2 protein chains.
Amino acid sequence: MSTKKRRQREFVERESRILAKAWELLERDGLLKLQMSRLAEECEYSVGTLYHHFSSKEDMLLALATEQVSERLRLFEKVAQWQANTRDRMIGFLFADALFARREPLFFHLQQYITTPVIAAAISEERRQLAIEAHRPLAELFLSVVEEAQSNGDLGNTTLSPLQLGLGLWALAEGMHTLVHAEGLSEPYKVSSPYSLLLNHCHAWLNGHEWRPLYPLNDLQAQAELIDRVRREVFDVIPGVDAGVLFPQPAQGAL
Amino acid sequence: MSTKKRRQREFVERESRILAKAWELLERDGLLKLQMSRLAEECEYSVGTLYHHFSSKEDMLLALATEQVSERLRLFEKVAQWQANTRDRMIGFLFADALFARREPLFFHLQQYITTPVIAAAISEERRQLAIEAHRPLAELFLSVVEEAQSNGDLGNTTLSPLQLGLGLWALAEGMHTLVHAEGLSEPYKVSSPYSLLLNHCHAWLNGHEWRPLYPLNDLQAQAELIDRVRREVFDVIPGVDAGVLFPQPAQGAL
DNA sequence: ACAGATTATGAATCTGATTCACATAGTGAG
DNA sequence: CTCACTATGTGAATCAGATTCATAATCTGT
């Protein structure tokens, strides 16, 4: 009985050891150079063993990305607990997202890679389910704030469900990440501080939905102050947060 | 002299013949099954010849995607020439985008695939430049409408440049495409008609930027009428346009 | 201590992109 | 018309790297 449990535990432990090493290799050599045989070598396990854990390389990559979600969740939880109105918390989520994107740029590469249909095709159903499970609390946290806003009247009356509403902001952020990380085609359209820009567009979107309190769009000062408040009141406890780089103070009133 | 030109012409012709066949295979078997040796076989050229044209498989895929841009441009041009206010034309671009996404879903898979940094790394610099060149008129068309809006006062006063402003809508659309096409992770968050939803969020964004004339967000009827007008006045000449599928009439006033 | 079950191993296999030595065709001078 | 030369096309051979699976090693309960 207990032997079986010990085995299971050891199996799980080994899995996270493998993933830790994989992440290390990823950071060192990049996604392109990550190969299963080298990973096996570095872990001091055989390739076969790797394949007892993961049905394919892509499967492992999704496992890797899924592991990171808990870190992201930690940031989101801080925002959800923040004593602030719903609109400010929405901006807080955005901050968390941008923060995470900056600290773990690899995560976004990985995410983009494994959600590409060609690549995703090689992922096992189980792993996909695990990933969905892992993401659920993240989505719930986010959507609960949307619901709160709807029920307490922060929002103008809308015909959209919380999910439909939330997807708007989600898409906006996702799209900006995509444009920021897209290789090649977007070079001529690069912009100096994409996340400040995103922030401004999010305020536009929130104003458009009459999400109160409204922020005047061209008052960049007020937007910067809000960001500063998020940083101080939510994220300052977390070491290594560099909001100044993400959201540089606007010079002479322009982005 | 003229021999050389003939040769060049033949080379170009062969390239488009190869690409045409590649597109055919892509539609038939999908991106996953497209392989260079099979393509060579079907074209009745040798693999070596393929590699005289393209430095790698990814290089060829970008060439393929670039070819499609002219089709997309054709739709965008129709919108740009439309006799309507700037706001309606912005929605027109969105329509064109959604339309294209529906007619050529492969294009978006391809686009997503080749902009993934891992994949993009295998693309030659020349090909990348060609792709950027091909996209330029598309961006110019879009940005010229933004500029027009700014200069004729349709827009509230903003601190953003036309590019910075345009990127907002671009990111929103891009993000929605990504969420729609993302495999796996987004399953629990699927929504019945993502492009109607996108449209609603775009109106929110436009309202937020005080892009006149404002549309009330919960008047789905007015939004549906605008879409219908775009279809009738801009795209009806184009056969096979099925706006009804893209933007279904909202049932009982809800999305 | 042993049979049987479970798990680990890594050499062998397989897939498919890419290369390159050679074959072929085109060119222009004499 | 022929020949030397160049440019282009060919596809078998090479290479990279993921995946498999027959075998070895280890563990379990008796």
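If you're wondering where the values come from, they're calculated on a predicted model, not measured in any experiment. In what follows, chains are A, B, ... by sequence order, proteins preceding strands, each numbered from 1.
Checked against a 6.0 Å centroid threshold, the rings of Y189(A) and W170(B) do not count as neighbours. The aromatic ring centroids of F95(A) and F235(A) lie less than 6.0 Å from each other.
Evaluation of the salt bridge (charged side-chain N to carboxylate O under 4.0 Å, His left out) rule for E125(B) yields R128(B) as partners, not counting sequence neighbours. Judged as a ring pair (Phe, Tyr, Trp, His ring centres under 6.0 Å), and not counting sequence neighbours, Y113(B) has no contacts. In terms of the salt bridge (charged side-chain N to carboxylate O under 4.0 Å, His left out) criterion, residue partners of E24(B) (sequence neighbours excluded) are, by chain and number, K21(B). By the salt bridge (charged side-chain N to carboxylate O under 4.0 Å, His left out) test, E133(A) is found to be paired with R136(A), residues two or more places apart in sequence or in another chain being considered. Remark: E42(A) pairs with R28(A) by the salt bridge (charged side-chain N to carboxylate O under 4.0 Å, His left out) rule, at least two apart or across chains. Remark: H181(A) pairs with F108(A), H109(A) by the ring pair (Phe, Tyr, Trp, His ring centres under 6.0 Å) rule, at least two apart or across chains. Scored by the side-chain contact (heavy atoms from CB on, under 4.5 Å) test, S161(B) finds L163(B), Q164(B) as partners (sequence neighbours excluded).
Near DNA chain D, defined here as any heavy-atom distance below 4.0 Å, there are no residues from residues 12-29 of chain A. Sorted by residue number, the members of residues 30-37 of chain B with any non-hydrogen atom under 4.0 Å from DNA chain C read L34(B), Q35(B), M36(B).
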Identify each atom pair where a protein N or O and an N or O of nucleotides 10-13 of chain C are less than 3.5 Å apart, giving names and distance.
unit_1, atom_1, unit_2, atom_2, d
dG10(C), N7, G48(A), N, 3.4

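Atom-to-atom, CD of E41(A) to C1' of dA18(D) comes out at 15 Å; the value is rounded to the nearest Å. Put simply, NE2 on H52(B) is 12 Å from P on dG11(D), counting in whole angstrom units. Summarising the geometry, the separation between CD on E10(B) and P on dT8(D) is reported as 11 Å, rounded to the nearest angstrom. Atom pair R38(A):CZ and dA18(D):C1' shows a separation of 14 Å (rounding to whole Å applied). When rounded to the nearest whole Å, the span between CG of L50(A) and C1' of dC21(D) equals 16 Å. Rounded to an integer number of Å, the gap from F11(B) CZ to dA7(D) P is 14 Å. The CG atom of L61(A) sits 14 Å away from the C1' atom of dG17(D) (whole-angstrom rounding). Regarding Y51(B), its OH atom lies at a distance of 18 Å from the P atom of dT14(D), rounded to whole Å.
Contact between the side-chain N/O atoms of R7(A) and the OP1/OP2 oxygens of dC27(D) is not found at any separation under 4.0 Å.
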Please tabulate, for the side chains in residues 43-59 of chain B, all donor-acceptor contacts under 3.5 angstrom to protein atoms that are two or more places apart in sequence or on a different chain.
unit_1, atom_1, unit_2, atom_2, d
Y45(B), OH, R17(B), NH1, 2.6
S46(B), OG, T49(B), N, 3.3
S46(B), OG, T49(B), OG1, 3.0
H53(B), ND1, E15(B), OE1, 2.9
H53(B), NE2, R14(B), NE, 2.9
H53(B), NE2, R14(B), NH2, 3.1
S56(B), OG, E58(B), N, 3.4
S56(B), OG, D59(B), N, 3.2
S56(B), OG, A122(B), O, 2.7
K57(B), NZ, L34(B), O, 2.8
D59(B), OD1, S124(B), N, 2.9
D59(B), OD1, S124(B), OG, 2.8
D59(B), OD2, S55(B), N, 3.3
D59(B), OD2, R127(B), NE, 3.3

Extract all donor-acceptor atom pairs below 3.5 Å that involve side chains of residues 63-70 of chain A and protein atoms in other chains or at least two apart in sequence.
unit_1, atom_1, unit_2, atom_2, d
T66(A), OG1, L62(A), O, 2.7
S70(A), OG, E67(A), O, 3.2

